[in-house]
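The block underneath contains the structure these notes are about, expressed in structure tokens.
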Amino acid sequence: MNAMKNKKEFIRSLIVWINNNIESPMKIDNVAIKSGYSKWHLQRLFFAETGQKLGQYIRDRKLQLIADELITSNEPLINLAMKFGFDSQQSLTRAFHKKYQLPPQKYRKTFCLQHEQQTSGGAP
């Protein structure tokens, strides 16, 4: 029982660390070094506790933050790609489209208008 609690607490603290460092270039190897486990063991532990692959969690978290920034800022897409550790604007666009079924610029246009209407208190 204590070992299970320790694993849950370990994964919880690792998630906090990932979220606090999400804008850093983050590879599973780096997270494994931080954790003190081999990357293979860490990935098994993470999946067992969360039901999600570690790499997928990191990617999804970055894309979620990018989606938020697309709606709330005018930051150019290339800057967001670099800020969140994507190799290029194209690799960000591919990953974003795969997750949200929209390219980032269309997502921004679609949801930015909705966000503006919600924050201004109604329709234009």
Side-chain angles (χ1 to χ4, degrees):
M1 182 79 164
N2 199 20
M4 285 180 65
K5 184 177 178 184
N6 288 342
K7 286 180 186 177
K8 285 183 188 287
E9 191 56 42
F10 167 74
I11 295 299
R12 195 173 297 128
S13 68
L14 187 66
I15 288 171
V16 168
W17 181 84
I18 290 168
N19 290 338
N20 288 339
N21 293 281
I22 200 72
E23 291 181 15
S24 304
M26 193 172 298
K27 305 271 188 233
I28 292 174
D29 290 332
N30 304 81
V31 180
I33 290 168
K34 161 69 176 137
S35 75
Y37 288 106
S38 73
K39 73 178 188 178
W40 307 115
H41 186 66
L42 176 61
Q43 289 178 93
R44 283 191 297 275
L45 278 176
F46 193 89
F47 187 81
E49 291 299 320
T50 67
Q52 189 174 21
K53 294 178 180 178
L54 177 57
Q56 189 65 49
Y57 174 81
I58 294 167
R59 225 175 350 272
D60 284 351
R61 187 72 183 113
K62 286 180 182 232
L63 291 171
Q64 179 185 23
L65 292 170
I66 290 167
D68 291 346
E69 287 208 33
L70 286 170
I71 294 170
T72 60
S73 79
N74 291 320
E75 190 72 32
L77 193 55
I78 186 67
N79 292 0
L80 292 175
M82 297 300 113
K83 177 179 178 179
F84 288 96
F86 285 85
D87 293 332
S88 66
Q89 182 174 330
Q90 291 79 14
S91 64
L92 167 57
T93 298
R94 278 192 301 276
F96 194 93
H97 191 275
K98 185 176 179 182
K99 180 169 176 62
Y100 293 103
Q101 288 76 50
L102 286 172
Q105 295 298 6
K106 185 165 177 91
Y107 183 94
R108 175 177 265 165
K109 286 178 187 171
T110 302
F111 293 103
C112 192
L113 178 59
Q114 290 177 10
H115 177 73
E116 287 172 2
Q117 289 173 352
Q118 289 171 352
T119 57
S120 68

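In what follows, residues are counted from 1 in the order of the sequence shown.
Distance check, rounded to the nearest 0.5 Å: NZ of K109 to CG of L102 gives 12.0 Å. To the nearest 0.5 Å, the span separating CZ on R108 from CG on N74 amounts to 6.0 Å. Here the OG1 atom belonging to T93 is positioned 7.5 Å from the CD atom belonging to Q105, to the nearest 0.5 angstrom. Put simply, NZ on K106 and NE2 on H97 are 9.5 Å apart, with the number rounded to the nearest 0.5 Å. With rounding to the nearest 0.5 Å, the separation of CD in E23 from CG in L80 is 9.5 Å. Atoms CG and OG1, from L70 and T110 in turn, are 11.0 Å apart once rounded to the nearest 0.5 Å.
Listed for the K62 side chain is a donor-acceptor partner under 3.5 Å among the backbone atoms of F84. Judged by distance alone, the side chain of Q43 and the main-chain N or O of K39 form a donor-acceptor pair under 3.5 Å. Checked by atom type and distance alone, the side chain of S24 never pairs as donor or acceptor with a backbone atom of M26 at under 3.5 Å.
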>> Before you tell me yes or no, could you show the steps for I78 and L92 under side-chain contact (heavy atoms from CB on, under 4.5 Å), namely the whole-Å CA-CA distance, both residues' side-chain angles and the distance that decides it to 0.1 Å?
In response: CA-CA 9 Å; I78 186 67; L92 167 57; over 6 Å; no
> Yes or no on side-chain contact (heavy atoms from CB on, under 4.5 Å) for I18 and L54, after CA distance, side-chain angles and deciding distance?
Replying inline: CA-CA 10 Å; I18 290 168; L54 177 57; 3.8 Å; yes
> What's the verdict on side-chain contact (heavy atoms from CB on, under 4.5 Å) for Y57 and L14, showing C-alpha distance, side-chain angles and the deciding distance?
Replying inline: CA-CA 12 Å; Y57 174 81; L14 187 66; over 6 Å; no
>> Could you walk me through whether Q52 and D60 satisfy the side-chain contact (heavy atoms from CB on, under 4.5 Å) test, starting with their C-alpha distance in whole Å, then the side-chain angles of each, then the deciding distance to 0.1 Å, before giving a yes or no?
In response: CA-CA 10 Å; Q52 189 174 21; D60 284 351; 3.2 Å; yes
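Scanning all heavy atoms of the two residues, the minimum distance from S35 to L42 falls at OG-CD2, 3.7 Å. Nearest heavy-atom pair, A81 versus S88, reported as atom, atom and distance to 0.1 Å: CB-O, 3.7 Å. A pairwise comparison of heavy atoms in M82 and D87 identifies CE-O, 3.6 Å as the closest pair. Heavy atoms only, all atoms of each residue included: K98 and Q101 are closest at O-NE2, 3.1 Å.
Under the 4.5 Å side-chain heavy-atom criterion for ILVMFWY residues, a single connected hydrophobic cluster contains both L65 and L63. Under the 4.5 Å side-chain heavy-atom criterion for grouping Ile, Leu, Val, Met, Phe, Trp and Tyr, L45 is connected to V31 within one hydrophobic cluster. In this structure, W17 is a member of the same hydrophobic cluster as I58, with clusters built from ILVMFWY side-chain heavy atoms closer than 4.5 Å.
The aromatic rings of Y107 and F96 stand perpendicular to each other, their planes meeting at an angle above 60°, with 30° marking the opposite boundary. Under the 30°/60° scheme for interplanar angles, the aromatic rings of Y37 and F10 are found to stand perpendicular.
Checked for salt-bridge contact, E75 and K83 miss the test: no charged N lies under 4.0 Å from a carboxylate O.
Within 6.0 Å of atom NZ in K34, 12 or fewer heavy atoms from other residues, nucleotides or ligands are found, so the atom counts as exposed in its surroundings.
V16 forms part of no hydrophobic cluster, judged by ILVMFWY side-chain heavy-atom separations under 4.5 Å.
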